[in-house]
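In what follows, chains are A, B, ... by sequence order, proteins preceding strands, each numbered from 1. Just so it is clear, the structure is predicted and the values come from calculations on it, not from any experiment.
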There are 4 protein chains.
Amino acid sequence: MFRQQGGAVTDPLGARQAGARRTREALLTAAAAVFVEQGVQAPIRDIAGRAGVGLGTVYRHFPSRAELVVAVYRHQIDECVALAARLRDEPIPAGEALTRWIGVFVEFLVTKHGLGVALQSEDPSLLTLHTLMLERLVPACASLIDAGVAEGDIDPAVTAHTLMRAVGNLCILGPGYERADAQAMVARLLVGCRRRS
Amino acid sequence: MFRQQGGAVTDPLGARQAGARRTREALLTAAAAVFVEQGVQAPIRDIAGRAGVGLGTVYRHFPSRAELVVAVYRHQIDECVALAARLRDEPIPAGEALTRWIGVFVEFLVTKHGLGVALQSEDPSLLTLHTLMLERLVPACASLIDAGVAEGDIDPAVTAHTLMRAVGNLCILGPGYERADAQAMVARLLVGCRRRS
Amino acid sequence: MFRQQGGAVTDPLGARQAGARRTREALLTAAAAVFVEQGVQAPIRDIAGRAGVGLGTVYRHFPSRAELVVAVYRHQIDECVALAARLRDEPIPAGEALTRWIGVFVEFLVTKHGLGVALQSEDPSLLTLHTLMLERLVPACASLIDAGVAEGDIDPAVTAHTLMRAVGNLCILGPGYERADAQAMVARLLVGCRRRS
Amino acid sequence: MFRQQGGAVTDPLGARQAGARRTREALLTAAAAVFVEQGVQAPIRDIAGRAGVGLGTVYRHFPSRAELVVAVYRHQIDECVALAARLRDEPIPAGEALTRWIGVFVEFLVTKHGLGVALQSEDPSLLTLHTLMLERLVPACASLIDAGVAEGDIDPAVTAHTLMRAVGNLCILGPGYERADAQAMVARLLVGCRRRS
DNA sequence: TATGAATGAGGGTTCATTCAT
DNA sequence: GATGAATGAACCCTCATTCAT
């Protein structure tokens, strides 16, 4: 009743919140980099070190490894989902839309070395990532496939879930199997998904 | 007190060699089983236990995990190589031969849970397995591809190494992506490898 | 813009003091509840959360865990002390007064899950609690014992400090040793403290 | 078939077994000492260090803390059980037998500082110790109580389990409450357990 | 004063690997 | 050759405590 502006005596909350957000973003950046180098099973300590923060800080922001992995990739997953919606609305053949969308998905995967492995891991701590993929990307992909099937361009036997798993697997890179190779193989796989004439 | 063999204080060499070979084979059998259940990263102790031998014995026979992995799969790799030679000599179209051969390779991979992961792992300890695949399977596959290209059936841009890596990746199974899915996806990939008409 | 109090830029002192006291009391209430549920070793964060204040606030009010523990129980200790004075003045046999007083002390202990453990812990951070018990309860108890000894009812060999420790220990509950068991055992102990006839 | 004496080539198993047993005993000795100093919740590392062995060695011999605690105290528990049987057979009053037996139990407890705390801990990892006490000592104690009740010496309302818990609690020592105090308090408790005349 | 983000010591546990017998 | 006890590095995770705002 005397002070309607709590901020006058306590510090403005914005400052700490902003600091925390910066820390969080530093962690996401560091984690993304470490995941590229070591895969998503990298020691949490390495991520903390790379981000220049203490171990406990990682746990404060991301209580489980899965939450960190999901956070790292969620943004890009969201973009993929949004792209599918846009492509569906464009005046292009559905097969072409699917090809373009898968192309973006491949870009996402091959630049995130380690995600491919994570996607096929049966580690329960990564189940959330599976769920995220299933719940968000599979429907997006399915809508494009359905349109292609409707236009008689895509083999009706193709299912979104299986196709995405296959594409995900094809994007697991290694020595002698680089980004361009993965792109080429995905392209051939898509050729095989067209309706046999 | 039971010296039935005159002056022979130590055993005849053959006996020890036979025992060692039997140990080695028990280890290979055990390792194959454990790899199916837990993947190639299974604890060495589990393999020793399954084979009924001591831990040190595993290390004596296979100083590194990779050597054990390679030994486990070498036999089947050899069979694949031999099959390629036989298929090349059969009076069937080269594309058909390649399809059959890849089918056998897929069978090999999907029944060896964890090998798929091992094949794309960058773990240096598994590099030998890569090498083995490259040196033995890639030439075998290449001979079939070359024949297919010569017959105008296969796209000349397809290289054996890339194709094998892709097939290997497609055979990494998981929940919701089972053996039949992998087989279907490999079949579609092969369709995409045919020469565009 | 809401300066209703002339030149007073900061709040009147009374307001802040009242707020601080309210915070302090919220903390004591929360700590008492958490101690019952988790024991006196509960994470400080849990107490802060239960009180709806920040972690730092707990440390400001109670720099060490022991100070918080002591503060939580001081009020009840004071009541025990006051009760001893009242009982001493009542026209009942001293042995009866001691029995009643111990009964109240037992009630205090068994409803404070974890205090029993704290009382016998050698954790130096809880030494203050020992001291508090010694300085306040032991004299209160001793006055009742002395009266009983004077009346020839209590064995003169009984010392207040030892008796209180023993009673405190008997009140450490556990599965299969509940409140009623502790009460019964304390009653038997008191029987054993009477002068042998 | 050539060698009926495996030990001739492999090393005699006795040597390693003996070494392991020595390690095990060193661990028990070290654990007992550390338990006295720090209680049964002492860091496993401390026990390993005191025994002069590696951390893993502790886990090899005692996969869980409870197993170590139980092993440390099992011998003395067994002796207590045996003593009860002997006392039951002696031509002395049952009340006297119970008193003597409890006296030995108290000796056991007060020299094992930390066991008292362990006995009343609700930590699930120590449940085994509870079980051991219950299954072995409680029946032993009960047989002595039953005999005392039959002779009209002990109050029939006394139960072995409650009495042992109470005695266990009374043996939790601390500054100003030493071994002699515990013994005196236990003696008074036993007085209170006699049938009121 | 109050806050809560950040810190990092501390303790648990697993397993690859060595080596004396 | 075979054994398996011992080792200790490497991870995981929790929480008491500090301190900038």
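Between Asp46(A) atom CG and dA9(F) atom C1' the separation is 14 Å, expressed in whole Å. If you measure from atom CD of Glu67(D) to atom C1' of dT13(E), you get 14 Å, rounded to the nearest angstrom.
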Nucleotide-resolved protein contact map, nucleotides 13-19 of chain F, B/S/- at heavy-atom distance under 4.0 Å: BB-BBB-
Can you list, pair by pair, the side-chain donor-acceptor contacts under 3.5 Å of residues 49-57 of chain B, counting residues two or more places apart and other chains?
unit_1	atom_1	unit_2	atom_2	d
Arg50(B)	NH2	Glu37(B)	OE1	2.8
Arg50(B)	NH2	Glu37(B)	OE2	2.7

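At a threshold of 4.5 Å between non-hydrogen side-chain atoms, the residues Glu67(C) and His61(C) do not count as touching. A 4.5 Å side-chain heavy-atom check between Val40(B) and Tyr73(B) finds at least one atom pair inside the cut-off. With contacts defined as side-chain heavy-atom distances shorter than 4.5 Å, the pair Ile47(A)/Phe35(A) qualifies.
At dT3(E), one or more side-chain N or O atoms of Thr57(C) fall inside 4.0 Å of OP1 or OP2 (strictly under the cut-off). One finds a side-chain N or O of His61(D) lying less than 4.0 angstrom from the OP1 or OP2 phosphate oxygen of dA6(F).
In plain terms, the two heavy atoms of Ala42(C) and Gln38(C) that are nearest each other are CB-CB, 3.7 Å.
Set against dT3(F), dA5(F), dT3(E), the side chain of Arg60(D) has dA5(F) as its closest nucleotide.
Taken residue by residue, residues 20-29 of chain A places heavy atoms nearer than 4.0 Å to DNA chain E at Ala20(A), Thr23(A).
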Taking Watson-Crick (N1-N3 plus N6-O4 or O6-N4) and G-U wobble (N1-O2, O6-N3), each under 3.5 Å, can you produce the dot-bracket string of DNA chain F? Use [ ] for crossing pairs and | for inter-strand ones. .||||||||||||||||||||
Run the side chain to side chain contact (heavy atoms under 4.5 Å, CB included) check on Ile44(C) and Tyr59(C) step by step: do they pass? CA-CA 9 Å; Ile44(C) 298 287; Tyr59(C) 279 95; 3.8 Å; yes
From CA spacing to verdict: side chain to side chain contact (heavy atoms under 4.5 Å, CB included), Leu28(B), Leu68(B): CA-CA 7 Å; Leu28(B) 289 174; Leu68(B) 179 54; 4.2 Å; yes
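Counting only residues at least two apart or on different chains, no salt bridge (charged side-chain N to carboxylate O under 4.0 Å, His left out) pair has a member in residues 18-35 of chain A.
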